[in-house]
Amino acid sequence: MKELECLREQQVDKGLIEGVEEFRCKYSVEDGEQGRVSCPDMYFYGREVLEMGIAALLQGENLLLTGAKATGKNVLAENLAWIFGRPVYNVSFHVNTDSGDLIGTDTFVNNEVQLRKGSIYRCAQYGGFGILDEINMAKNDAVSVLHASLDYRRSIDVPGYDKIDMHEAARFIGTMNYGYAGTKELNEALVSRFMVIDMPPQDEETLDYILSSKFPALKENAKKQWIGLFMDLQLKAQNGEISTKALDLRGILGALKTIQRGLKPRLAVQIGVVNKCFDIFEKEIVQDVVLTRIPDTWTPQDVFEK
């Protein structure tokens, strides 16, 4: 299986890989939910992080992925669900998220009041992996409905309906960024129900793996410059010289895609990186960093093999 081969390539502990194989054999996926099991767009690279995540999930624990922007939290969450072969149920939290969004709300079907199941309900029912994105943006009273499903009780008591016991394969993976507008500290009772992985910042080895796998035709010199660009921006963001707006790995990958289509690298990096900054002084700093790495004279042929 491709997902297990990726683990072997990164020399993940053999015992953990065997545990994943046993898990996949033990828990099948219902036919109606097969469409939620999908291969991620990008493989996660990082043996120790993968081992921590796999070990916790095999033991029935839930994960909370924390860290700065562009550290691969969502990529890891999607990869873990794929590795375990489970359907994914995404919940994107915001300040107006309430318990009805998570568990479900009443609706009329054939002139009868029925429960329209929410993502958390379906995750518990079908043994999926619930990815709780930006969990620190939700109000405490919204996430408090998760407490019973995250601890030893592993159940959801739906008001007005029956209590449901969670499927044995169901797990939850929360993600959170620091310092985003609308975020706050998580309730201690909620954090205690997770195993926490603090995601390390990107390094040159990880970026090399990502760019090589996504863009096999990327020239070696160009790849070094794009890696250097991200590392330069990351350093300036860590030192407080710029915000994290321009520190956008998705933007860099998007810029490279547009270069593949034939857009000049100067214009591609403008829309993928520089224009993410709306403060004129910050934009000038980012533009200077870009110019040291991506010359104005470059063409798509300087970046990609024909």
Side-chain angles (χ1 to χ4, degrees), residues 1-10 12 16-47 49-58 60-65 70-93 101-102 104 116-135 149 166-177 197 199 206 209-216 248-254 256-257 260:
M1 289 182 285
K2 178 66 175 177
E3 48 271 43
L4 300 185
E5 280 302 314
C6 290
L7 298 180
R8 293 188 183 100
E9 288 174 7
Q10 297 192 49
V12 169
L16 293 176
I17 297 177
E18 291 172 0
V20 171
E21 289 179 306
E22 292 172 5
F23 186 99
R24 293 173 64 100
C25 291
K26 184 177 180 180
Y27 301 113
S28 59
V29 179
E30 294 195 23
D31 293 339
E33 305 302 303
Q34 288 283 359
R36 290 182 174 272
V37 183
S38 59
C39 178
D41 182 57
M42 186 188 306
Y43 300 144
F44 184 84
Y45 183 77
R47 180 175 60 83
V49 172
L50 282 169
E51 287 182 344
M52 287 189 288
I54 291 170
L57 293 171
L58 284 173
E61 299 291 339
N62 302 294
L63 290 175
L64 178 62
L65 310 179
T71 50
K73 296 181 288 296
N74 289 97
V75 173
L76 175 59
E78 292 172 0
N79 272 259
L80 288 171
W82 174 61
I83 288 166
F84 280 83
R86 303 313 300 168
V88 171
Y89 300 87
N90 282 290
V91 179
S92 295
F93 283 89
D101 297 324
L102 304 178
R116 185 178 63 191
K117 300 173 183 176
S119 298
I120 300 300
Y121 190 113
R122 292 171 62 84
C123 179
Q125 183 178 16
Y126 297 115
F129 274 29
I131 298 179
L132 313 175
D133 197 23
E134 306 295 355
I135 193 172
S149 59
M166 291 184 60
H167 192 289
E168 288 185 2
R171 304 285 190 273
F172 291 104
I173 304 175
T175 71
M176 57 179 281
N177 282 298
I197 297 179
M199 302 289 288
T206 305
Y209 174 87
I210 292 171
L211 294 184
S212 297
S213 60
K214 292 284 289 181
F215 304 101
D248 191 345
L249 186 55
R250 294 188 190 97
I252 285 179
L253 296 177
L256 286 167
K257 289 178 182 177
Q260 274 188 319

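In this chain, numbering begins with 1 at the start of the sequence shown. Since the model is a prediction, treat every value here as computed from it, not as a measurement. Hydrogens, waters and symmetry mates play no part in the numbers below; they use all other heavy atoms, side chains included.
Scanning all heavy atoms of the two residues, the minimum distance from L58 to V20 falls at CD2-N, 4.0 Å. Shortest non-hydrogen contact noted between E33 and P87 is O-CB, 3.8 Å. Looking at every heavy atom in both residues, G85 comes nearest to V29 through O-CG2, 3.3 Å. The two residues M42 and V75 come nearest to each other via the heavy atoms O-CG1, 3.6 Å. Nearest heavy atom pair, residue A77 against residue L65, reads N-CD1, 4.1 Å.
Scanning for side-chain contact (heavy atoms from CB on, under 4.5 Å) contacts around Q260 gives F215, F304, with sequence neighbours left out. Residues satisfying the salt bridge (charged side-chain N to carboxylate O under 4.0 Å, His left out) criterion with E9, sequence neighbours excluded, are absent altogether. Evaluation of the side-chain contact (heavy atoms from CB on, under 4.5 Å) rule for K26 yields E168 as partners, not counting sequence neighbours. Contacts of K214 classified as salt bridge (charged side-chain N to carboxylate O under 4.0 Å, His left out), with partners at least two apart in sequence or in another chain: D41. Scanning for salt bridge (charged side-chain N to carboxylate O under 4.0 Å, His left out) contacts around D248 gives K276, with sequence neighbours left out. Residues satisfying the salt bridge (charged side-chain N to carboxylate O under 4.0 Å, His left out) criterion with E3, sequence neighbours excluded, are R24.
Proximity of a side-chain donor or acceptor of E51 to a complementary backbone N or O of L16 within less than 3.5 Å is not detected. The closest donor-acceptor contact from the side chain of R171 to the backbone of F129 lies at 3.5 Å or more, if one exists at all. When atom types are taken as modelled, the side chain of R86 and the backbone of A170 share no donor-acceptor pair closer than 3.5 angstrom.
Side chains of D133 and N90: a donor-acceptor N/O pair is absent below 3.5 angstrom, by distance only.
Ring geometry for Y43 against W82 counts as parallel: the plane angle stays under 30°, on a 0 to 90° scale with 60° as the upper cut. Ring geometry for Y126 versus Y89: interplanar angle under 30°, hence parallel rather than tilted (30 to 60°).
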(request) Show your reasoning for whether side-chain contact (heavy atoms from CB on, under 4.5 Å) applies to L256 and L211. (result) CA-CA 9 Å; L256 286 167; L211 294 184; 3.8 Å; yes

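Atoms CD1 and CG, on I173 and L80 in that order, are 5.0 Å from each other to the nearest 0.5 Å. Note that CG of L132 and OG1 of T175 are 8.0 Å apart. Values are rounded to the nearest 0.5 Å. The structure places CD of E78 at 12.5 Å from NZ of K73, a figure rounded to the nearest 0.5 Å. Rounded to the nearest 0.5 angstrom, I135 CD1 and F93 CZ are separated by 5.0 Å. The distance from the CD1 atom of I131 to the OG atom of S119 is 11.0 Å, given to the nearest 0.5 Å. To the nearest 0.5 Å, the span separating OG1 on T206 from CZ on F44 amounts to 7.5 Å.
Counting heavy atoms from C-beta outward, I210 and L253 have side chains that approach closer than 4.5 Å. For the pair I83/L50, a side-chain contact is recorded, criterion being any heavy-atom separation below 4.5 Å from C-beta on. The side-chain heavy atoms of F23 and L57, taken from C-beta on, include no pair separated by under 4.5 Å. The side-chain heavy atoms of Y27 and H167, taken from C-beta on, include a pair separated by under 4.5 Å. Contact annotation: the side chain of I17 approaches that of R8 to within less than 4.5 Å [non-hydrogen atoms, C-beta and beyond].
For the pair R122 and E30, the salt-bridge criterion is not met [side-chain N within less than 4.0 Å of a carboxylate O].
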